[in-house]
Engineer: 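My questions all concern the structure below.
All values below come from the heavy atoms of this structure, side chains included, with hydrogens, waters and symmetry mates left out. Worth saying up front: this structure is predicted, and the values here are computed from it rather than measured.
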Amino acid sequence: MESFKVGDQDMTAQLQHAKDNGAQAIVMYCLAPEGAMVVKSAEKLKLKLPIVGPWGMSQQTFIDKAGQGAEGVRSSVTFIENELSSVSNQFSLTYRNVNKTNHIPSAVAAAQTYDALRLITLAIFQANSVEGPKIKDALENLQVHTTSTIVSRYFKPFSPTDHEAIALNMIVMGEIRNGKVAYAYREDASSGSIARTKKN
């Protein structure tokens with residue numbers, strides 16, 4: 001296991017150590033700029049191993065900085081921009097249009113933010129208030145039977161004991177192909193038109 005700091009520009013020493021010890025893959029947890037530096041350092045060493053990272057590797061910042069080295073990098077995401085469901089497709093089209101003038105470097109972050117704002121809006125209407133404790137109570141007890149958002153479909157998004165917005169079944173593996181995030185696995189792609197439902 002190796003480490004580096006935010007802002008580091010060269011991870012050659014860490015990767016050389018991994019190479020010398022027979023690493024079969026690079027699994028990293030970092031921000032997009034440092035992730036790109038890991039990829040660049042791997043290229044310097046001609047180290048061709050599978051690379052997996054957090055959702056930040058799906059950001060345009062990572063893709064732009066890593067360049068061709070980003071191809072094949074995988075990351076766990078809750079949203080693939082080219083999903084086929086009608087709601088996701090409409091969001092993707094709007095996201096692309098907005099992105100032309102106001103750069104939002106992450107479709108995943110945009111989708112999750114949209115969902116969060118939708119749930120908060122529903123809670124405000126239900127609470128008929130903008131007071132924090134009342135909104136919290138409404139979020140924990142939303143009366144809307146089914147709430148369709150971009151990332152998931154919720155029957156009850158939160159409860160007094162469950163404050164997690166994302167469940168394991170809502171996560172898919174993305175892979176960078178031709179500078180875009182695509183489904184890493186065919187079975188996830190084929191079920192992309194089916195809205196995932198949060199399982200508690």
Engineer: Between F62 and V6, is there a shared hydrophobic cluster once you connect ILVMFWY residues whose side-chain heavy atoms come closer than 4.5 Å?
Structural biologist: no

Engineer: Specify the closest pair of heavy atoms between L139 and L119, including all atoms of both residues, with the distance to one decimal.
Structural biologist: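 In this case the closest contact between L139 and L119 is CD2-O, 3.6 Å.
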
Engineer: With sequence neighbours left out, which residue pairs that include part of residues 48-58 fulfil the salt bridge (charged side-chain N to carboxylate O under 4.0 Å, His left out) condition?
Structural biologist: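 For residues 48-58: none.
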
Engineer: How close do I135 and A127 get, counting heavy atoms only, and between which atoms?
Structural biologist: N-CB, 4.4 Å

Engineer: Whether the side chain of D8 engages the backbone of K5 through a donor-acceptor N/O pair (distance < 3.5 Å, no angle test) should be reported.
Structural biologist: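 Looks like yes, one N/O pair under 3.5 Å.
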
Engineer: Could you tabulate the donor-acceptor pairs under 3.5 Å formed by side-chain atoms of residues 23-41, not counting sequence neighbours?
Structural biologist:
{"from": "E34", "atom 1": "OE2", "to": "G7", "atom 2": "N", "distance (Å)": "2.7"}
{"from": "S41", "atom 1": "OG", "to": "D10", "atom 2": "OD1", "distance (Å)": "3.4"}
{"from": "S41", "atom 1": "OG", "to": "M11", "atom 2": "N", "distance (Å)": "2.9"}
{"from": "S41", "atom 1": "OG", "to": "M37", "atom 2": "O", "distance (Å)": "2.9"}

Engineer: Is any side-chain heavy atom of T121 closer than 4.5 Å to a side-chain heavy atom of R118?
Structural biologist: no

Engineer: Step through the shown structure and confirm whether more than 12 heavy atoms of other residues, nucleotides or ligands are within 6.0 Å of NZ on K65.
Structural biologist: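 It does not: K65 NZ has 12 such atoms or fewer within range.
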
Engineer: Run the side-chain hydrogen bond (donor to acceptor under 3.5 Å, both in side chains) test against T161 and tell me which residues pass, sequence neighbours left out.
Structural biologist: S159

Engineer: Do V77 and V52 land in one hydrophobic cluster if side-chain heavy atoms of ILVMFWY residues count as linked below 4.5 Å?
Structural biologist: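 Cluster IDs for V77 and V52 differ.
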
Engineer: Can you list everything that forms a side-chain hydrogen bond (donor to acceptor under 3.5 Å, both in side chains) with E2? Sequence neighbours excluded, please.
Structural biologist: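 side-chain hydrogen bond (donor to acceptor under 3.5 Å, both in side chains) check on E2 returns H17.
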
Engineer: Can you list the residues that meet the salt bridge (charged side-chain N to carboxylate O under 4.0 Å, His left out) rule with E140, with sequence neighbours excluded?
Structural biologist: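 By the salt bridge (charged side-chain N to carboxylate O under 4.0 Å, His left out) rule, E140 matches K136.
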
Engineer: If you define the side chain from C-beta out and look only at heavy atoms, does anything of S106 sit under 4.5 Å from W55?
Structural biologist: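 When only atoms from C-beta onward are counted, W55 and S106 do touch, with a gap below 4.5 Å.
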
Engineer: With sequence neighbours excluded, what pairs up with D137 under the side-chain contact (heavy atoms from CB on, under 4.5 Å) test?
Structural biologist: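 Expected list: N141.
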
Engineer: Establish whether L142 and L117 are linked, either directly or via other cluster members, by ILVMFWY side-chain heavy-atom contacts under 4.5 Å.
Structural biologist: no

Engineer: Does any non-hydrogen side-chain atom of Q112 lie less than 4.5 Å from one of I166?
Structural biologist: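 Yes. Closest side-chain heavy atoms under 4.5 Å.
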
Engineer: Give me the atom names and distance for the closest heavy-atom approach of M57 to V73.
Structural biologist: CB-CG1, 4.3 Å

Engineer: Just list the side-chain donor-acceptor pairs under 3.5 Å for residues 170-178, sequence neighbours left out, or say none.
Structural biologist:
{"from": "E175", "atom 1": "OE1", "to": "R74", "atom 2": "NE", "distance (Å)": "2.7"}
{"from": "E175", "atom 1": "OE1", "to": "R74", "atom 2": "NH2", "distance (Å)": "2.9"}
{"from": "E175", "atom 1": "OE2", "to": "R177", "atom 2": "NE", "distance (Å)": "3.2"}
{"from": "R177", "atom 1": "NH1", "to": "Y183", "atom 2": "O", "distance (Å)": "3.1"}
{"from": "R177", "atom 1": "NH2", "to": "Y183", "atom 2": "O", "distance (Å)": "2.6"}

Engineer: List in chain and number order the residues that pass side-chain contact (heavy atoms from CB on, under 4.5 Å) with E131, two or more places apart in sequence or in another chain; answer none if no residue qualifies.
Structural biologist: S129, P133, K134

